[in-house]
Undergrad: 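Supplied in C-alpha cells, the structure appears directly below.
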2 protein chains.
Amino acid sequence: MRVVTWNLNGIRAAHRKGLDDFIEKIDADIMLFQEVRALPEQMPKDWSEPEGYELIWHPADKKGYSGVMSCSRIEMDEIERGIDTNLDDSRDPEGRVLVTKHGNLSCINMYLPNGSSRQERQDYKDQWLEDMLDWSRKFVESKEPALLCGDLNIAHTENDIWNPKGNKRTSGFLDNERQWFDRLIDIGWEDLLRNHLGPIKGPYSWWSNRGRARELDRGWRIDYILANPAASETFISAEIIREGGLTVSDHAPVVADFADE
Amino acid sequence: MRVVTWNLNGIRAAHRKGLDDFIEKIDADIMLFQEVRALPEQMPKDWSEPEGYELIWHPADKKGYSGVMSCSRIEMDEIERGIDTNLDDSRDPEGRVLVTKHGNLSCINMYLPNGSSRQERQDYKDQWLEDMLDWSRKFVESKEPALLCGDLNIAHTENDIWNPKGNKRTSGFLDNERQWFDRLIDIGWEDLLRNHLGPIKGPYSWWSNRGRARELDRGWRIDYILANPAASETFISAEIIREGGLTVSDHAPVVADFADE
DNA sequence: CATGAGAAG
DNA sequence: CTTCTCATG
C-alpha cells in the first residue's frame, strides 16, 4: 500500500503544471493534499477527479486559502475534521485537519499553521501545537495503525534544514517548535523517512521561491509521514520525490510504502 | 510632427509585452499614454525611459489605478493637471488630465472616467463631461494650436462601434454621452481621424478581452486625437495602428501627423 | 478576460 | 517569488 502527502500550493495551479501526470505515475492508494486553496466547484472544466479514487474535500472558510483534500482508492470513511482545540474554532475554519479511515488504517491529513507572517500567527501556531499534540494521542496510542501526514511547517533537526544557523529565528525552526517535535516523537509518532535514511543531511521537501533555492537544494524538510507503532510494523520504505513533481508546487511529495498485511 | 495617444492598460504589463519596440518603431515626437497604472518608482529595473524623450507622470492617488503620462522629444512645459471641476477633486486625484505645452502647441492628455462598473461612476462621468466641456473652451478657442487626446470612453456615432444596436444601453454609447460628443464637436474640436477617413464603419481603437472580439474586429473607437482650428490647419493624416501594438494593450494607439510649420 | 494590489505563504 | 481574491475596467 502506497501513501503520498503533498502540499500543492493551489490545486488549480498544480493542475495547470501537470498534477495529473504525477498522480498517474505515482500510482498511490491514498493521496493526502494540503494547501489546496480551492472549493471543488472552483476547479476548471478541463479538470476531472482522479479516476478510481474517492475524494473528500475540507476547504477553509476563506476562499483561496489553505484547505486539505484526501483521495483514496481504498474505501474511505470520514472520521473527523479539525482538532479539539482551545482556540475557539473547533469547526476548523481554516481547513487544516481531515481524518479518514481506510479499513483499519486512520490517516490524518494535516496542514499546520504557518507562523511567518506576524507574531499573532506564530501565537496561533504555538497554541495549535499544544492542542494538536494532546489530540493526536488517541491515534498514536491506538492498537490499530495510524498515519499523521502533511505539511507540519516545522523542520525538526539541523539535518532537516539546509541553513540551520541562519534560521534559528525563523518560524518553522524555532527552538520551541523543534522541542515540540521532540515531544511528538516521544509520545510515539515515528518519523518514517528519517528512521529509514538515518541521520544524514536532508532530504528536503520545500524550497523558497526566492533566488535559486530549489536548484541549489537549499531547502527544508517540513512535510512528513509519521506512523504510530502499529503502522510502523508494516513500513517498507519512504522517499521525497524531487523529479517529476518538480515544477508542480514549491513543495515535493513524500511517499511511503507499506506491506499489505 | 507626429503625435501618438495610447491607453496602455498598465505600462508595466505593456512593457513586458513589447512597448519599447513600438516606441522605437513609431518614431513620434509626442506620446500621450493613459491608464499607466503605476508610479515611476514602480517600474521594473529592466525598464528605462525612452531615449531622447522628456517624461511627465501624473498618477492617481490610488496605486495601480488610472494615471496618465506624457512623453516629448520637443521641449515641454507642464501647464496644468485636472480640469476645473464642480466635483470637489480639483487636485485630479484619479490622474486623468495632464496639459503640456510644446512650443506653441498645447497637448491635453486625457483619460475620461469609465462608467460601466456602477451607476455612481456613471454619475461621476456625466458630471465630468459637463465640467470638461466648459474647461476645454479656452483651448479650442485659442489662436494657438491645441490637441485634445486620449481615451474619452465614448464612441461618438454608429460608425464608431461595431454593434450599435446592442450597446444603446452600455456606458460609452449612451444617448447623452453621444450628444455630449456632438457638443464637443460643435464648440470647435475636430475629430481628425473621422474627418480624414469620412463616414465609414470603423476603424476601432478598443476591443473587449472577452470572446474573440479583437480577432473579429468587433470593437469601439473611444480613443481620439481632437484638434482646435489652429492645429487642424497643419494636419496631414491620422490612423489607428492595429498591427505591431496588437498584443501590448487592449487599446490600439492612435497616431496623427502634422506639418512642421 | 486582463491589470494590479494585497494577503498569505 | 507565487498563490489566490478583489476591484476596476
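Chain identifiers are assigned alphabetically (A, B, ...) following the order of the sequence lines, protein sequences preceding nucleic acid strands; residue numbering begins at 1 within each chain. We use all heavy atoms of the structure for the numbers below, so side chains are in, but hydrogens, waters and symmetry mates are not.
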Undergrad: Under the side chain to side chain contact (heavy atoms under 4.5 Å, CB included) criterion, do A:N159 and A:R221 qualify, and how do the steps go?
TA: CA-CA 9 Å; A:N159 279 332; A:R221 189 167 73 100; over 6 Å; no
Undergrad: Does OP1 or OP2 of C:dG4 have a side-chain N or O of B:R16 closer than 4.0 Å?
TA: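 Checking B:R16 against C:dG4: at least one side-chain N or O falls below 4.0 Å of OP1 or OP2.
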Undergrad: Rounded to whole Å, please give me the gap between CE in A:M43 and P in D:dC4.
TA: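 Value for this atom pair: 9 Å.
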Undergrad: Just N and O in the side chain of A:Y65: are any of them under 4.0 Å from OP1 or OP2 of D:dC4?
TA: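 Answer no for this pair, as no side-chain N or O of A:Y65 is under 4.0 Å from OP1 or OP2.
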Undergrad: Any side-chain donor paired with an acceptor under 3.5 Å for A:W189 and A:S136?
TA: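 Distance-only check passes for A:W189 and A:S136.
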Undergrad: In whole angstroms, how far is the P atom of C:dG4 from the CG atom of B:N7?
TA: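 Going from B:N7 (CG) to C:dG4 (P), I get 12 Å.
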Undergrad: Just call it for B:S117: base, sugar-phosphate, or nothing, with non-hydrogen atoms closer than 4.0 Å on any strand.
TA: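 Sugar-phosphate contact only - B:S117 comes under 4.0 Å of backbone atoms but never of a base.
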Undergrad: Between the side chains of B:K168 and B:D175, is the shortest nitrogen-to-carboxylate-oxygen separation below 4.0 Å, so that they form an ion pair?
TA: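 Answer for the salt bridge query: no.
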Undergrad: With respect to the phosphate group of D:dC4, does any side-chain polar atom (N or O) of A:Q42 fall under 4.0 Å of OP1 or OP2?
TA: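 Negative; the distance criterion is not met.
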Undergrad: Between B:K62 and D:dT8, is there a contact of a side-chain N or O with OP1 or OP2 at under 4.0 Å?
TA: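 Checking D:dT8 against B:K62, a side-chain N or O does come within under 4.0 Å of OP1 or OP2.
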Undergrad: From C:dG9, C:dT3, D:dG9, pick the nucleotide closest to the side chain of B:Y111?
TA: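 Per side-chain heavy atoms of B:Y111, the pick is D:dG9.
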Undergrad: Whole-Å distance between C:dA2 P and B:R12 CZ?
TA: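 Value for this atom pair: 18 Å.
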Undergrad: What orientation do A:W47 and A:H15 show, parallel under 30°, tilted 30 to 60°, or perpendicular over 60°?
TA: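 Rings of A:W47 and A:H15: perpendicular, over 60°.
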Undergrad: Closer to the 5' end of DNA chain D via nearest nucleotide, is it B:R210 or A:R37?
TA: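 It is A:R37 whose nearest nucleotide is closer to the 5' end.
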Undergrad: Quick one: is D:dA7 close enough that its OP1 or OP2 comes under 4.0 Å of any side-chain N or O from B:R118?
TA: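 False: B:R118 side-chain N/O out of range (4.0 Å or more) of D:dA7 OP1/OP2.
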Undergrad: Starting at NE2 of A:H251 and ending at P of D:dC1, how long is that distance when rounded to a whole Å?
TA: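 That distance rounds to 17 Å.
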Undergrad: Go through the steps for B:E215 and B:R242 under the test salt bridge (charged side-chain N to carboxylate O under 4.0 Å, His left out), then give the verdict.
TA: CA-CA 11 Å; B:E215 184 187 336; B:R242 277 215 50 157; over 6 Å; no
Undergrad: To the nearest angstrom, how far is B:D151 atom CG from D:dT8 atom C1'?
TA: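 Atom CG in B:D151 sits about 14 Å away from atom C1' in D:dT8.
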Undergrad: Nearest-Å distance, CD (B:E120) to P (D:dG9)?
TA: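 Rounded to whole Å, this separation is 11 Å.
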Undergrad: Write down the distance between CG (A:N114) and C1' (C:dA7), rounded to a whole number of angstrom.
TA: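 So the two atoms are 13 Å apart, to the nearest Å.
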Undergrad: On the nucleotide C:dT3, are OP1 or OP2 found under 4.0 Å from the side-chain N or O atoms that B:K63 carries?
TA: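 No, because none of the side-chain N or O atoms of B:K63 sits under 4.0 Å from OP1 or OP2 of C:dT3.
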Undergrad: Rounded to the nearest angstrom, tell me the gap between atom CD in A:Q34 and atom P in D:dC4.
TA: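 Rounded to whole Å, this separation is 16 Å.
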